[in-house]
K.L.:
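Right, I'll just put the structure down here and ask away after.
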Amino acid sequence: MLARFRRNPLETIVLVVLLVLGIAGWMMSQNFRGDAGTWPGVIMIMMSVGALLVLGAQFLGPVDETAETPAATEMSGKVRIAINVAILVVYILAVTSVGLYASTAIYLFGHMLYLGIRPVWLAIATSVAVAAVLWMFFGYVLGISISNTLLF
Amino acid sequence: MTSLIDGLLIALEPANLLYAMAGAVLGIVFGSLPGVSATLGIALLVPLTFGFDPVPALIFLGAVYCGAIYGGSISAILLNVPGTPAAVATMIDGYEMTKQGRGGLALGLATIASMIGGQVSALVLLFAAPLVSAWALEIRSAEFFWIVLFAMSTVGAIGTGSPLKGLLAAIVGLAIGTIGAHPLTGEVRYTFGELALYEGVPVVSALVGLFSISQVLALAEGRGMEKQVEIPTVGRLWPGGALLWRLKKHLARSSLIGVFVGLIPGAGADIASFIGRSEAHRYAREPKRFGHGSEEAIVGAEAANNGVVGGSLIPMLTLGIPGNAVTAALLGGLLIHGLIPGPTLFQQAPDVLYPFIFSLFIANAMFALIAFGALRYIAKIVLVPQGVVAPVVAALAVVGAYSFRSIPFDIWIMFAMGIFGYILRRADFPLAPIILGLILGPLAESNLDRVQTLAGAADLSVMGFFMQRWITIILMVLTVATVAFSFWRDIRVRRVEDTRPEGPE
Amino acid sequence: MPLKSTMTAVATIALSATFAQAQDHANVELPGTIRVIVAYSAGGSSDTLARVTIPAWEAELEELTGQSVSTVIANMPGAGGEIGWTNLANAEPDGSTIGIINLPAVPIVGKARDAAYSPWIESFAPIGVNVIDPNVVMLANSSEYETLDEAIAAAKEDPGSVTVGADGPLSDDHVAMYQLQRATDAEFAFIPFSGTAPAMRAFLSGEVDIAIGNTFDYLTNEQGAKDAFVLRAERYDFIPDVPTIEEAMGVGPIPGGSTRGFAAPAGTPGDILAVYREALANAYADEEVVAEMREANITTVEPLIGEEFGAEMQSVDQLAEELIPLFRDGGYLDN
């Protein structure tokens, strides 16, 4: 009775994680005070059951042979994603230690460079300009900054 | 009546005209940038409005909404790349026309159709919203609970792609929505002691992360795969009065389709444009030309997707129920100005809402003027490399997530939602239902909790309490029927080849 | 020294003002920038209060000390105010941070969740207050009861059969409901809403029998109420036609309401506190500020400065302590 699904390994992983999270969440909901656990409990069970249904459809239902296989599952693609994620993590860590606008400027330059923006002066100019505009709107006008940081 | 006239006058103030213009320009820019949808555009610009007064802030964001939905058609027509998911239906015939050297005509038609769709929808909004709002004042907790449930159920029934996965995504959103204090007792749940989560996952951070960081990674993934593109020469833009007159029925029909689709929770501009195009096909003079550069197709799709704007604002403003991801982002914009969308909003803030609604007429005229005046230059925006777009989007997301509450932890919430969103996107889950679930979950729970207490005070069971009012019963039946329809559609999807190229944004 | 009558309060301000003229504040070193923490988002009533009061306060500070200072209002919403108050309590006590504390929310939230600023009374040094917005109890037109007296009698007779809608849980309205329960031996069914506006909408639509709100909730929804009384020792000048609970029911007096005052983190040097208090007293006395507050619908009372506000804090703390068992029985507390 379910739709045709392409078999995407990532999807299977996501569904299993949702299934487990649902069960864990339901178990936690049993310890909430009074009626506070009723609604989360129901939602968590629904999430597990829903994940199970889609999983079932994935393995028991017809497979769509014509569907394109998802791209970038090869190693180089995964590494590239990991590097991009790492760049973002470093940026967010820098935001709370170095400062919001300074690290934004540096991050923009670094990420643009990594993403292949050339010539270098163009990347520098763009990052400084964008960081300056952000500082104008958020730092100068709204006074938004993160306290206890090195720069600004 | 005075609030209407006041609203119009405020919307016409020079400063507010400038805000509308700035919003329309930025909307066109974001909309036409492939990879930056209307939702993402608004989500990124909401924090920018922090320093504005509520009226200019809403005027600005409303204009971004109008401009972005329209702007998506520019890259669709010129480059065969949809700037927003709502432009996919325009792309087919629009790019054909560009290849035939009639790109200018396609852009001109898209502009006029978008503007007319937008004006019709703004007109409907102006008259319908106060009426719906007056009715909504009488809504009680039991009905509200079922309205929310009905909104959730339509996600599976209407969205593109697998209905079951749409519903599952909505449930994931509901699950995220259970984080934080229990509305009835204040018991804190799933926060692991993190104070920043006591009031739940902040909508703005979640929205920004889900749509921006996931998009940044998707853009970064495509590095090196970009090909050098050139903007083709387009020729004359103005389609001429005679041609427009010939297309008047398509314009009117699609505009109303847009408004209607916008009203339905779970459906957005992308779906409206497909319906608009296929209805135009059905009544077309030359249906055979569809897919080969048909003017009727472009008008049918573009009037519909901008028609959604006004329609989708009705449930958001009057009930606090965003029907799609864009209005969810706009809802965030209202919240940061202390305006809580819902039945009382029209009573509390008519001085904000009427100027906002009138400004939509202005914004729609504005983007058309800008398009006819400067499209040649604006179109160059589609040439900005993804290597620039992606980091800038990420930086806006980080600063935006922080500025909402000035809590550094919010940046991490945003980032986590982004990674989660990216994984879900790669696993072919739609993201919009997650945001709807996150916003609507707490609404559903608090109303159900109230119903329980009220039923207890009246010595009734919860079910017995629901059965007291007709409107509740009707809503219950509708919801059950919609869920049943989703399952039926799931079976049908299996049989019929789904030709829609993309999921909802 | 417990100060209750407003007459004494006025006298004390006048006194402190004359006293201050004699005192020289020029050698008190103020921080260049003073951060004012508001535990709610921009646009709310606490935020409005800060934005009206603080510029005048800044000007008074400069006049008193001859030093130039700048103030920044920092909105830190979240966790029902807990984030903002925790930040205020933990801030460096050197005068560079002050904030608005909201009573009874600070102690109630603190006790309910064992907040990081507990015990609150030792975490905040009072500066001053001029907003005590009294609670108003209203009976809906559509209710089957004719008067509040009748509704409360019914809630006594059949506990949990009469519904009370209000902002909540753990709000000042919720506290007021428990004050009412304690005074009348009634037991209501509490229907919490996320904010006063939805609660008042439910009240107008007839979903609940009774609503508890504050002054302006009554003023804007008067037409939907067939009976009302105010939780205050005397009638309130903003709503002079609303009787006190004592007049209406013969119980009380029960003072209940939402208090928004300024405080510094405990440990802030005494000389700085003295300047801050005097500057606030002067700002509260400024006619332009008073007019602006009226304009912004801020429900002012005679100001309580310094230790007078401290006494008010003590009495709210005692009330919170007394009501905690009721919150516990209602299922609102962990322990």
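To find a chain, count down the sequence lines: A is the first, B the second, and so on, and within it residues start at 1. Heavy atoms only: backbone and side chains are in, while hydrogens, waters and symmetry mates are out.
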K.L.:
Grab the two heavy atoms, one from Glu187(B) and one from Asn31(A), that are nearest each other, plus how far apart they are.
P.N.:
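Closest heavy-atom pair between Glu187(B) and Asn31(A): OE2-O, 4.5 Å.
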
K.L.:
Let me know if Leu168(B) has heavy atoms under 4.5 Å from chain A in its side chain, its backbone, both or neither.
P.N.:
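It is the side chain, since no backbone atom gets that close.
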
K.L.:
Need one label for Ile87(A): side chain, backbone, both or neither, based on atoms under 4.5 Å from any heavy atom in chain B.
P.N.:
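Neither part.
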
K.L.:
Contact part of Ile179(B) toward chain A, heavy-atom cut-off under 4.5 Å: side chain, backbone, both or neither?
P.N.:
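Answer is neither: Ile179(B) stays 4.5 Å or more from chain A.
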
K.L.:
Counting heavy-atom pairs closer than 4.5 Å to chain B, which one of Ala123(A), Ala51(A), Gly110(A), Gly37(A) comes out on top?
P.N.:
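Among Ala123(A), Ala51(A), Gly110(A), Gly37(A), the one with the most close pairs to chain B is Ala51(A).
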
K.L.:
Between Met414(B), His182(B), Gln452(B), who has the most heavy-atom pairs with chain A when the cutoff is under 4.5 Å?
P.N.:
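If we count pairs closer than 4.5 Å to chain A, His182(B) comes out on top.
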
K.L.:
Where do Ala36(A) and Thr185(B) come nearest, in terms of heavy atoms and distance?
P.N.:
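So the two residues come closest at CB-OG1, 4.1 Å.
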
K.L.:
What part of Val42(A) gets within 4.5 angstrom of chain B, counting heavy atoms only: side chain, backbone, both, or neither?
P.N.:
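Neither part; nothing is under 4.5 Å.
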
K.L.:
Quick one: closest heavy-atom pair of Phe138(A) and Ser403(B), and the distance?
P.N.:
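Closest pair (atom of Phe138(A), atom of Ser403(B), distance): CE2-OG, 3.8 Å.
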
K.L.:
Considering only heavy atoms, which portion of Leu93(A) lies under 4.5 Å from any heavy atom of chain B: side chain, backbone, both, or neither?
P.N.:
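Both backbone and side chain.
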
K.L.:
If every non-hydrogen atom of Arg189(B) is compared with every non-hydrogen atom of Phe32(A), which pair is closest and at what distance?
P.N.:
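Looking at all heavy atoms of both residues, the closest pair is CB-CZ, 3.6 Å.
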
K.L.:
Any side-chain heavy atom of Asn84(A) within less than 4.5 Å of one from Tyr422(B)?
P.N.:
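A side-chain contact under 4.5 Å is absent here.
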
K.L.:
Less than 4.5 Å to any heavy atom of chain B: does that hold for the side chain of Val49(A), its backbone, both, or neither?
P.N.:
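Contact with chain B involves no heavy atom of Val49(A) at all.
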
K.L.:
Name the one of Ile92(A), Leu134(A), Leu88(A) that satisfies side chain to side chain contact (heavy atoms under 4.5 Å, CB included) with Val398(B)?
P.N.:
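Single side chain to side chain contact (heavy atoms under 4.5 Å, CB included) partner of Val398(B) among Ile92(A), Leu134(A), Leu88(A): Ile92(A).
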
K.L.:
Quick check on Ser127(A) against chain B: is it the side chain, the backbone, both or neither that has a heavy atom closer than 4.5 Å?
P.N.:
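Nothing of Ser127(A), per the 4.5 Å heavy-atom cut-off to chain B.
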
K.L.:
With a 4.5 angstrom heavy-atom cut-off, could you sort out which part of Met47(A) is near chain B: side chain, backbone, both or neither?
P.N.:
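It is both, since atoms from each part get that close.
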
K.L.:
Can you list the steps and then say if Val95(A) with Tyr402(B) is a side-chain contact (heavy atoms from CB on, under 4.5 Å)?
P.N.:
CA-CA 10 Å; Val95(A) 157; Tyr402(B) 177 74; over 6 Å; no

K.L.:
Any salt bridge linking Glu11(A) with Lys165(B)? Criterion: basic side-chain nitrogen under 4.0 Å from a carboxylate oxygen.
P.N.:
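The answer is yes: the pair qualifies as a salt bridge.
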
K.L.:
How long is the span from the CZ atom in Arg80(A) to the CG atom in Leu217(B), to the nearest 0.5 Å?
P.N.:
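With rounding to 0.5 Å, CZ (Arg80(A)) is 12.0 Å from CG (Leu217(B)).
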
K.L.:
Under a 4.5 Å cutoff for heavy-atom pairs, which residue among Val130(A), Leu108(A), Thr104(A) has the most contacts with chain B?
P.N.:
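With the most close heavy-atom pairs to chain B, the winner is Leu108(A).
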
K.L.:
Looking at Phe137(A), I want to see if its CZ is surrounded by more than 12 non-hydrogen atoms of other residues, nucleotides or ligands under 6.0 Å.
P.N.:
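No, because the 6.0 Å sphere around CZ of Phe137(A) holds 12 heavy atoms or fewer from other groups.
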
K.L.:
Hey, does Thr96(A) have a side-chain heavy atom less than 4.5 Å from the side chain of Phe409(B)?
P.N.:
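They are not in side-chain contact.
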
K.L.:
Give the minimum heavy-atom separation between Ala444(B) and Trp39(A), together with the two atoms involved.
P.N.:
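Taking every non-hydrogen atom into account, CB-CH2, 3.6 Å.
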
K.L.:
How close do Pro40(A) and Tyr190(B) get, heavy atom to heavy atom, and via which atoms?
P.N.:
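It is CB-OH, 3.6 Å.
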
K.L.:
Report the C-alpha separation of Leu115(A) and Gln386(B) in whole Å, then their side-chain angles, then the decisive distance to 0.1 Å, and conclude whether the side-chain contact (heavy atoms from CB on, under 4.5 Å) test is met.
P.N.:
CA-CA 8 Å; Leu115(A) 292 175; Gln386(B) 313 258 286; over 6 Å; no

K.L.:
Check each of Ile13(A), Val17(A), Val14(A) against Ile423(B) using the side chain to side chain contact (heavy atoms under 4.5 Å, CB included) test, and report the only one that passes.
P.N.:
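Checked Ile13(A), Val17(A), Val14(A) against Ile423(B); only one passes side chain to side chain contact (heavy atoms under 4.5 Å, CB included): Val14(A).
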
K.L.:
So which part of Pro183(B) gets closer than 4.5 Å to some heavy atom of chain A, the side chain, the backbone, both or neither?
P.N.:
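Nothing of Pro183(B), per the 4.5 Å heavy-atom cut-off to chain A.
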
K.L.:
Taking side chain as C-beta onward, heavy atoms only, is Glu445(B) less than 4.5 Å from Thr38(A)?
P.N.:
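Side-chain contact under 4.5 Å: no.
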
K.L.:
Above 12 or not: heavy atoms from other molecules or residues under 6.0 Å from CH2 of Trp412(B)?
P.N.:
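Yes, the 6.0 Å shell around CH2 holds more than 12 heavy atoms from other groups.
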
